[in-house]
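Below: the structure, in structure tokens.
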Amino acid sequence: MFAHAARRGLIEVNPVSKLDRSERPRVSRRERPVLSPEEIGRLLEAAAPRFRTLLATAILSGLRQGELLGLHWRDVDFDHELIHVRTALDRKRRDVPPKTERAVRDVVLMPALADALRQHKKETTFNRAADYVFTTRSGTPHHAPHIGLRALKPALEDAGLQPIRWHDLRHTFASLLIAGGANITFVSRQLGHTSSQITLGIYAHLLDGEEQARRTREMLQVMLGGYVSGGVANQTTTSDD
């Protein structure tokens, strides 16, 4: 806020810049709520049929809301199992470039989601390459401020889940990748972050989680367990001799 005021000429200097590093206020990151696989299943089962594939794509692609609503059929690459993020929808429902250069990316398309999208394409009358994947009944893209109220909120309530924001579906995707063992660079690229440091800052707590600890133990055991146990056995044999 002070930096903005200084740039606008409302104040002469940012007073925070005069503070020592130890004196500056620190930003604390709250842990983002994410859905477990079981909760994802409950949410999708409770979702209205016309919004089920929309919610599934939001959860299983990690697209920002504008990227999701601005998705065209030409961007869904069934042959190579990818979603090409090339445009986003702004608040006036116009196609605009994605948020940053790194936001222009290819996101993995899992087979089950590809099947759901194929079925959705068969059922909708708006299935040409230039048409939006998710539309209103008249073929226009959804209005971002309304989609959470119409699609997400009722599904959460019917599923008996705690309220979450639409953006938390994106966090859920990131948590699924990390729980699956994806490295932070890959996660960052899938999310379209400008750097891996941003991703690490947001999701570091997941990397320290119980699942990651279990995977690390298993990895180390597979890679080096034989050498360690063999060395211990040799030491024992030598000692006995």
Side-chain angles (χ1 to χ4, degrees), residues 27-71 83 85 88-91 98-100 102-103 105 107-110 112-113 116-117 120 133-134 141-212:
V27 177
S28 60
R29 292 188 180 274
R30 291 185 302 170
E31 193 169 311
R32 268 72 172 180
V34 296
L35 299 174
S36 68
E38 185 269 337
E39 289 172 331
I40 292 171
R42 286 165 54 190
L43 176 70
L44 295 180
E45 185 177 352
R50 66 184 298 253
F51 293 127
R52 189 168 295 141
T53 305
L54 170 67
L55 289 172
T57 307
I59 295 169
L60 299 173
S61 71
L63 299 187
R64 298 177 177 91
Q65 188 182 60
E67 296 168 347
L68 180 70
L69 299 182
L71 198 65
I83 295 175
V85 182
L89 204 70
D90 68 9
R91 292 288 171 167
K99 187 176 180 180
T100 64
R102 288 289 296 272
R105 64 197 188 279
V107 177
V108 294
L109 176 59
M110 65 174 289
L113 180 58
L117 286 168
H120 175 60
V133 175
F134 304 109
H142 290 289
H143 196 39
H146 297 162
I147 196 65
L149 295 175
R150 295 175 180 173
L152 180 59
K153 186 173 183 290
L156 288 168
E157 292 174 349
D158 291 346
L161 299 173
Q162 293 296 317
I164 61 172
R165 306 167 305 160
W166 187 277
H167 201 67
D168 294 327
L169 302 181
R170 177 169 158 85
H171 295 314
T172 295
F173 175 70
S175 74
L176 292 172
L177 292 185
I178 292 171
N183 66 65
I184 202 68
T185 301
F186 178 78
V187 176
S188 180
R189 289 173 178 170
Q190 289 293 284
L191 294 174
H193 285 164
T194 54
S195 74
S196 298
Q197 288 301 313
I198 292 176
T199 313
L200 187 60
I202 296 173
Y203 299 109
H205 66 285
L206 295 178
L207 293 170
D208 295 332
E210 181 179 343
E211 178 64 18
Q212 284 295 310

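When reading the values below, keep in mind they use all heavy atoms of this one structure, side chains included, and skip hydrogens, waters and symmetry mates.
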> If you measure only the distance, is there a donor-acceptor pair under 3.5 Å linking the side chains of T53 and H120?
Replying inline: no

[X] to [Y] - nearest heavy-atom pair and separation:
X: L191; Y: G62; value: CD2-O, 4.2 Å
X: L60; Y: M110; value: CD1-SD, 3.5 Å
X: L68; Y: A58; value: CD2-CB, 3.7 Å
X: P98; Y: A103; value: CB-CB, 3.6 Å
X: G192; Y: T100; value: O-OG1, 4.0 Å
X: A174; Y: Y203; value: CB-CZ, 3.5 Å

Measure the spacing between [atom1] of [X] and [atom2] of [Y] and express it to the nearest 0.5 Å.
X: L109; Y: S61; atom1: CG; atom2: OG; value: 9.0 Å
X: I184; Y: L200; atom1: CD1; atom2: CG; value: 5.5 Å
X: L63; Y: R170; atom1: CG; atom2: CZ; value: 8.0 Å
X: R150; Y: L54; atom1: CZ; atom2: CG; value: 12.5 Å

Do [X] and [Y] have side chains that approach each other closer than 4.5 Å (heavy atoms only, starting at C-beta)?
X: Q162; Y: L156; answer: no
X: T185; Y: T199; answer: no
X: W166; Y: L55; answer: yes
X: V108; Y: I83; answer: no
X: L169; Y: I164; answer: yes
X: E45; Y: R42; answer: no
X: R165; Y: H171; answer: yes
X: I147; Y: F134; answer: no

> Under the 3.5 angstrom rule, does the side chain of S188 hit a backbone N or O of S195 as a donor-acceptor pair?
Replying inline: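 Yes.
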
>> side chain to side chain contact (heavy atoms under 4.5 Å, CB included) for L89 and L71? Distances and angles first, verdict last.
In response: CA-CA 8 Å; L89 204 70; L71 198 65; over 6 Å; no

>> With a sphere of 6.0 Å drawn around CZ of R50, does it hold more than 12 non-hydrogen atoms of other residues, nucleotides or ligands?
In response: yes

> So does E157 have more than 12 non-hydrogen atoms from other groups sitting under 6.0 Å from CD?
Replying inline: yes

>> Please determine whether side chain to side chain contact (heavy atoms under 4.5 Å, CB included) holds for the pair I40 and T172, giving the CA-CA distance in whole Å, both sets of side-chain angles, and the decisive distance to 0.1 Å.
In response: CA-CA 9 Å; I40 292 171; T172 295; 3.8 Å; yes

> Do any pairs count as a ring pair (Phe, Tyr, Trp, His ring centres under 6.0 Å) and have a residue in residues 38-62, sequence neighbours left out, and if so which ones?
Replying inline: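 Non-adjacent pairs meeting ring pair (Phe, Tyr, Trp, His ring centres under 6.0 Å): F51-H142.
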
>> Test: salt bridge (Lys or Arg N to Asp or Glu O under 4.0 Å). Region: residues 54-68. Which pairs qualify, not counting sequence neighbours?
In response: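 Of all non-adjacent pairs touching residues 54-68, those that pass salt bridge (Lys or Arg N to Asp or Glu O under 4.0 Å) are R64-E67, E67-R105.
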
